[in-house]
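Right, I'll just put the structure down here and ask away after.
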There are 2 protein chains.
Amino acid sequence: MSKCEQCISRQLNSMKTLTTEELRQVSACKSTRFYKKGDVIFDEGESLNGIFCVRSGVAKLTKLSANGKDHTVKLLGKGELLGQRSVISDERTNLSAVAINDIELCYVPKDQLLTHIQGNNAFSLDILRNLATDLRGAEDDLINMAQKSVKQRLTEVLIYVQNTFGHDSEGYLSLVLSREEYASIVGTATESAIRILSQFKKDGLISTTGKQIKIENLEGLKRIG
Amino acid sequence: MSKCEQCISRQLNSMKTLTTEELRQVSACKSTRFYKKGDVIFDEGESLNGIFCVRSGVAKLTKLSANGKDHTVKLLGKGELLGQRSVISDERTNLSAVAINDIELCYVPKDQLLTHIQGNNAFSLDILRNLATDLRGAEDDLINMAQKSVKQRLTEVLIYVQNTFGHDSEGYLSLVLSREEYASIVGTATESAIRILSQFKKDGLISTTGKQIKIENLEGLKRIG
DNA sequence: TAGAAACTATGATATTTGTCATGTTTTGAT
DNA sequence: ATCAAAACATGACAAATATCATAGTTTCTA
């Protein structure tokens with residue numbers, strides 16, 4: 001099995017502050033897990049005994065609402081950690097994690113995380129900073145949700161997906177999401193998301209080939225947000 | 001000036017994990033500040049050189065939107081800390097803090113906070129847990145905003161205000177907010193908030209005397225949320 | 001305590017968004 | 001390659017919410 005010491009993802013999160021010896025310990029007890037598109041990694045209300053680090057693929061954090069739909073709170077790509085919040089505050093998860101495409105995760109047991117938080121101040125400080133940043137992001141999202149229209153929010157998500165996950169040589173967004181998934185992120189009805197994307201096509205802001213989306217006029221989109 | 005060692009508010013936040021000696025240090029360099037209703041404690045985009053701890057009164061964190069209205073993200077009462085997020089991640093604030101009524105705050109310089117985070121593991125772990133809890137709260141709020149109606153959100157805010165800040169002997173909510181402030185918390189137009197509260201009155205769920213609000217039928221309200 | 005300013009109230013109307021229905025296209029498994 | 005399932009598309013309509021206008025009430029201050 002591959003070792004944490006050589007893992008590139010590590011550079012992207014708090015693990016980068018661990019010492020060689022600490023990394024060796026993590027490496028020794030971590031396990032790698034594979035999930036297919038649509039697989040549930042953990043469910044809302046579960047107690048986690050460890051955290052997950054994304055090696056490849058993309059996951060989403062979602063919450064089921066009263067009316068049966070679910071809302072996507074966050075997308076997570078390479079290097080990002082799942083479940084650290086629940087493990088740190090020792091609560092059950094308030095969100096489910098689902099694989100958006102085939103995904104490879106490293107699972108690190110809870111006690112490893114907690115031990116190094118206790119023992120390595122740089123590590124805990126880095127996690128502290130990450131949480132602070134996440135919190136700021138959540139506040140910003142909340143305000144967006146409260147103050148912006150569905151069209152504006154969808155625009156921002158398109159730009160975010162391009163910036164975060166990139167596009168292929170032809171310009172199509174590398175991360176392919178269904179209209180339903182876009183709706184779940186934006187917090188609207190699937191039909192509304194479809195309608196707005198159709199309008200964007202007519203306006204020449206985007207083009208599509210099946211589920212694939214290509215941003216044709218980034219500046220035009222930005223003008224909406 | 002009063003000392004931190006005897007401060008009751010301390011019990012309510014991470015300061016409770018500081019040692020006697022650490023508390024003495026904090027106490028030695030803290031200052032107490034008074035603000036009147038409506039005063040700005042700090043502004044969106046400011047760099048903070050310290051954090052604030054609420055001794056008495058209530059503050060709100062708000063963000064100005066493009067259309068000139070502002071959205072209230074959080075209310076803060078006795079013992080709660082303002083600005084810790086910005087100080088920890090060493091970023092400018094993304095929110096403004098405003099006094100909702102006359103308020104007394106303790107100001108603790110940044111370096112005190114950071115020194116004790118570095119030096120006292122229990123302290124930094126407690127702040128970590130608090131941030132994790134705040135993050136969960138922000139995620140829950142985001143989902144509420146996305147999935148619930150204005151009426152449901154307003155109901156929840158009324159119940160929250162009663163549970164958090166209590167009511168007087170006659171049952172009126174101790175924290176008096178204008179309809180505009182309720183609208184800003186809920187994320188709606190002031191007229192919508194007024195209309196819904198009027199409806200609640202007609203339905204016997206609440207009663208009002210001027211700006212004062214009294215919950216008459218808690219169960220009825222809960223049935224809406 | 002009078003008067004101004006702020007706040008509350010409510011109607012009329014416009015806009016945004018959601019829901020339901022129905023048909024077409026794309027995708028993926030055999 | 002074919003077929004069923006999933007996803008996309010669009011119209012018609014309903015519901016929720018915002019906006020504008022206007023008037024009454026409360027609060028605060030001089």
Side-chain angles (χ1 to χ4, degrees), chain A residues 36-38 65-71 98 100-102 144-155 157-158 172-173 175-203 206-214 224, chain B residues 36-39 65-71 98 100-102 144-155 157-158 172-173 175-203 206-214 224-225:
Chain A
K36 294 204 152 179
K37 178 176 178 175
S65 79
N67 58 42
K69 287 186 186 173
D70 62 15
H71 183 79
V98 178
I100 283 194
N101 44 37
D102 291 356
N144 269 349
M145 188 66 72
Q147 300 186 333
K148 298 197 174 174
S149 68
V150 172
K151 189 186 277 192
Q152 289 175 314
R153 268 140 53 203
L154 182 50
T155 301
V157 171
L158 287 172
Y172 288 99
L173 299 182
L175 179 65
V176 177
L177 298 171
S178 68
R179 307 289 196 266
E180 190 179 4
E181 282 171 319
Y182 275 109
S184 168
I185 296 170
V186 166
T188 189
T190 305
E191 295 94 323
S192 296
I194 289 173
R195 241 180 271 274
I196 290 168
L197 289 174
S198 295
Q199 189 58 49
F200 284 175
K201 270 200 284 190
K202 281 179 193 147
D203 298 344
I206 64 172
S207 63
T208 65
T209 304
K211 289 174 67 171
Q212 303 210 91
I213 294 177
K214 176 172 165 183
I224 291 172
Chain B
K36 294 204 152 179
K37 180 177 177 171
D39 282 356
S65 79
N67 58 42
K69 285 187 187 173
D70 61 17
H71 183 79
V98 178
I100 284 193
N101 43 38
D102 292 357
N144 268 349
M145 189 66 71
Q147 300 185 333
K148 297 196 173 174
S149 68
V150 172
K151 188 187 276 192
Q152 288 175 314
R153 271 140 51 202
L154 184 50
T155 300
V157 171
L158 287 173
Y172 288 99
L173 299 181
L175 180 64
V176 177
L177 299 171
S178 69
R179 307 290 195 265
E180 189 179 5
E181 282 171 317
Y182 275 109
S184 168
I185 296 169
V186 166
T188 189
T190 304
E191 295 94 325
S192 296
I194 288 173
R195 241 180 270 274
I196 291 168
L197 289 175
S198 294
Q199 189 59 48
F200 285 174
K201 271 200 286 190
K202 280 177 194 148
D203 297 344
I206 64 171
S207 63
T208 65
T209 304
K211 290 175 64 171
Q212 303 210 92
I213 294 176
K214 176 172 164 182
I224 291 172

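Everything quoted here is computed from the prediction, not taken from an experiment. First the proteins, then the strands, lettered A, B, ... as listed; each starts at 1.
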Is there a side-chain polar atom (N or O) of A/Arg179 under 4.0 Å from OP1 or OP2 of D/dC8?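 Checking D/dC8 against A/Arg179, a side-chain N or O does come within under 4.0 Å of OP1 or OP2.
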
**Prompt:** Heavy-atom distance under 4.5 Å between the side chains of A/Leu177 and A/Ile213, does that happen here?
**Reply:**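 A/Leu177 vs A/Ile213: side chains apart.
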
To the nearest 0.5 Å, what is the distance between CD1 on B/Ile206 and NZ on B/Lys214?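 Going from the CD1 atom of B/Ile206 to the NZ atom of B/Lys214 covers 12.0 Å.
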
- prompt: Atom CD of A/Glu180 to atom P of D/dC8: distance rounded to whole Å?
  reply: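 The answer, rounded to whole Å, is 8 Å.
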
Tell me: NZ of A/Lys211 to P of D/dA9, nearest whole Å?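 Taking atom P of D/dA9 as the reference, NZ of A/Lys211 is at 12 Å.
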
In whole Å, I'd like the distance from the CD atom of B/Glu181 to the C1' atom of D/dT27.
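After rounding, the reported distance stands at 14 Å.
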
| said: One pair to check against side chain to side chain contact (heavy atoms under 4.5 Å, CB included): B/Val176 and B/Glu181. What are the steps and the verdict? | reply: CA-CA 10 Å; B/Val176 177; B/Glu181 282 171 317; over 6 Å; no

Using only atom types and a distance under 3.5 Å, with no angle test, would you say the side chain of A/Arg153 pairs donor to acceptor with the backbone of A/Val186?
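Looks like yes, one N/O pair under 3.5 Å.
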
Any donor-acceptor pair under 3.5 Å from A/Asp102 side chain to A/Lys37 backbone: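 A pair under 3.5 Å: yes.
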
Item to complete: Could you tell me from which nucleotide to which nucleotide of DNA chain C, 5' to 3', there is an atom under 4.0 Å from chain A heavy atoms?
Response: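 Here the contact window of chain A covers C/dT17 to C/dT27.
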
Once you round it to whole Å, what is the distance between P of D/dA6 and CD1 of A/Ile194?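 To the nearest whole Å, that distance equals 15 Å.
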
Residue met sooner reading DNA chain C from 5', once B/Lys202 and A/Gly210 are mapped to nucleotides =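 Looking at the nearest nucleotide for each, B/Lys202 comes out on the 5' side.
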
**Report entry** Approximate separation, where rounding is to 0.5 Å, of A/His71 NE2 and A/Ile185 CD1
**Finding:**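 One finds 8.5 Å between NE2 of A/His71 and CD1 of A/Ile185.
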
Reading nucleotides 15-21 of chain D from 5' to 3' and marking B where a protein heavy atom lies under 4.0 Å of the base, S where only the sugar-phosphate is that close, and - otherwise, the string is --SSBB-

Donor-acceptor pair, distance only, cut-off 3.5 Å: does the side chain of B/Gln152 make one with the backbone of B/Ser149?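 Looks like yes, one N/O pair under 3.5 Å.
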
Nearest whole Å is fine: how far is D/dA6 P from A/Tyr182 OH?
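Answer to the nearest Å: 21 Å.
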
- Query: Do A/Ile224 and A/Leu154 have side-chain heavy atoms sitting under 4.5 Å apart?
  - Reply: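 Heavy-atom side-chain distance check fails, nothing below 4.5 Å.
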
Looking at A/Glu180, is its backbone amide N or carbonyl O close enough to the side chain of A/Ser184 to form a donor-acceptor pair, meaning the two atoms are under 3.5 Å apart?
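Such a contact is absent between A/Ser184 side chain and A/Glu180 backbone.
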
Checklist entry - Between B/Asp102 (CG) and D/dC28 (P), how many Å, whole number? => result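 In whole Å, D/dC28 P lies 11 Å from B/Asp102 CG.
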
